[in-house]
Amino acid sequence: MLKKIYKIIIVPYGLFLLYLMLLGMGRFQYRDHLVRIEPVFSTIKFIQNNINWRYAVMITFGNIIMFVPFGFLGWLFPELKKLQPLIFNFVSAIVIIEALQYFTRMGVFELDDIILNTFGVYLGWILFRYTEKTFTD
């Protein structure tokens, strides 16, 4: 039952996330192409320099939590049940999306986003493995 619900929801969910990443959340077109490739420290600076720290923490953890469902892609594509192909495919896709943000100037190409999003997929994969063992054995 869980697999059926997932298969129905994941495509609209993915499209919704794509909308948020390219057009939503008050996005506007930047004047310049922006890149932030300083891992971890740029997120720490973002949290420290933001007046509303709750917003900063919400954005940071949102970058993890919003991508947890993609850890279950093994239900759609059996080859993605293994961690290495899942992470390779996900990182490839998220780099393309970050590049789209850069080239359209509708966002910033951020290495930290790639790291946080990928960590979310990893957490999802751990939950996927637990769910598979618990409910299918």
Side-chain angles (χ1 to χ4, degrees):
M1 179 70 171
L2 219 55
K3 289 181 187 182
K4 288 180 184 180
I5 293 170
Y6 179 82
K7 289 177 181 182
I8 293 168
I9 292 176
I10 193 62
V11 172
Y13 181 75
L15 292 172
F16 173 69
L17 272 186
L18 194 57
Y19 166 78
L20 288 179
M21 293 170 70
L22 295 173
L23 300 169
M25 297 179 58
R27 291 204 185 264
F28 59 91
Q29 194 167 34
Y30 289 92
R31 198 172 118 183
D32 298 316
H33 296 281
L34 300 173
V35 177
R36 292 190 189 120
I37 56 172
E38 184 181 32
V40 182
F41 294 109
S42 62
T43 297
I44 292 169
K45 286 179 194 174
F46 171 70
I47 293 171
Q48 289 174 339
N49 295 333
N50 202 308
I51 295 170
N52 185 345
W53 67 271
R54 287 182 184 176
Y55 171 77
V57 170
M58 182 182 76
I59 293 294
T60 302
F61 282 107
N63 270 322
I64 297 170
I65 294 166
M66 296 291 282
F67 288 88
V68 167
F70 295 103
F72 288 78
L73 282 172
W75 281 343
L76 288 177
F77 308 103
E79 62 274 9
L80 300 182
K81 286 184 177 185
K82 295 181 180 176
L83 182 61
Q84 187 175 3
L86 174 66
I87 295 299
F88 177 80
N89 283 283
F90 178 78
V91 169
S92 298
I94 203 67
V95 166
I96 290 169
I97 294 167
E98 290 289 324
L100 279 171
Q101 287 182 334
Y102 172 80
F103 287 117
T104 62
R105 295 180 314 202
M106 292 303 288
V108 178
F109 185 100
E110 292 188 78
L111 185 57
D112 274 3
D113 282 354
I114 296 168
I115 293 167
L116 293 171
N117 299 164
T118 303
F119 183 64
V121 171
Y122 175 69
L123 291 177
W125 181 79
I126 291 171
L127 287 170
F128 166 73
R129 296 290 303 227
Y130 174 77
T131 303
E132 285 279 289
K133 287 179 183 175
T134 305
F135 297 108
T136 58
D137 285 344

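Nothing here was measured: the structure is a model prediction, and the numbers come from that model. The chain is numbered in sequence order, starting from 1. Excluded from the calculations below are hydrogen atoms, water molecules and symmetry mates; all remaining heavy atoms, backbone and side chain alike, are included.
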Using only atom types and a distance under 3.5 Å, with no angle test, would you say the side chain of [X] pairs donor to acceptor with the backbone of [Y]?
X     : Y      : result
Trp75 : Leu2   : no
Tyr6  : Pro69  : yes
Gln29 : Thr104 : yes

Inter-residue atom distance [X].[atom1] - [Y].[atom2], 0.5 Å rounding:
X      : Y      : atom1 : atom2 : answer
Asn117 : Glu110 : CG    : CD    : 10.0 Å
Phe72  : Lys81  : CZ    : NZ    : 12.5 Å
Leu80  : Phe128 : CG    : CZ    : 9.0 Å
Met58  : Thr60  : CE    : OG1   : 10.0 Å

Are the aromatic ring centres of Phe90 and Phe67 under 6.0 angstrom apart?
yes

Phe61 meets the side chain to side chain contact (heavy atoms under 4.5 Å, CB included) criterion, sequence neighbours left out, with Val57, Ile64, Ile65

Shortest non-hydrogen separation from [X] to [Y] and the atoms involved:
X      : Y      : value
Arg31  : Arg105 : O-NH1, 3.5 Å
Leu76  : Lys7   : CD2-CG, 3.3 Å
Pro39  : Ile115 : CB-CD1, 3.8 Å
Val108 : Gln101 : O-OE1, 3.2 Å

Are the side chains of [Y] and [X] in contact, using a 4.5 Å heavy-atom criterion?
X      : Y      : value
Arg36  : Leu111 : no
Tyr30  : Met106 : no
Phe109 : Ile114 : yes
Asn63  : Phe119 : no

Walk me through it: do Ile87 and Trp125 pass the test side-chain contact (heavy atoms from CB on, under 4.5 Å)?
CA-CA 10 Å; Ile87 295 299; Trp125 181 79; over 6 Å; no

Passes side-chain contact (heavy atoms from CB on, under 4.5 Å), Met66 versus Leu17? Steps please.
CA-CA 8 Å; Met66 296 291 282; Leu17 272 186; 3.3 Å; yes

Quick check: are there more than 12 heavy atoms from other residues, nucleotides or ligands sitting under 6.0 Å from CD1 of Ile37?
no

Would Leu86 and Phe88 show up in the same hydrophobic cluster when neighbours are defined by side-chain heavy atoms closer than 4.5 Å?
no

Linked, directly or transitively: Tyr130 and Phe70 (ILVMFWY side chains, under 4.5 Å):
no

Determine whether Val68 and Val121 satisfy the following criterion, side-chain contact (heavy atoms from CB on, under 4.5 Å), listing intermediate values before the conclusion.
CA-CA 5 Å; Val68 167; Val121 171; over 6 Å; no

What's the verdict on side-chain contact (heavy atoms from CB on, under 4.5 Å) for Gln84 and Asn89, showing C-alpha distance, side-chain angles and the deciding distance?
CA-CA 9 Å; Gln84 187 175 3; Asn89 283 283; over 6 Å; no

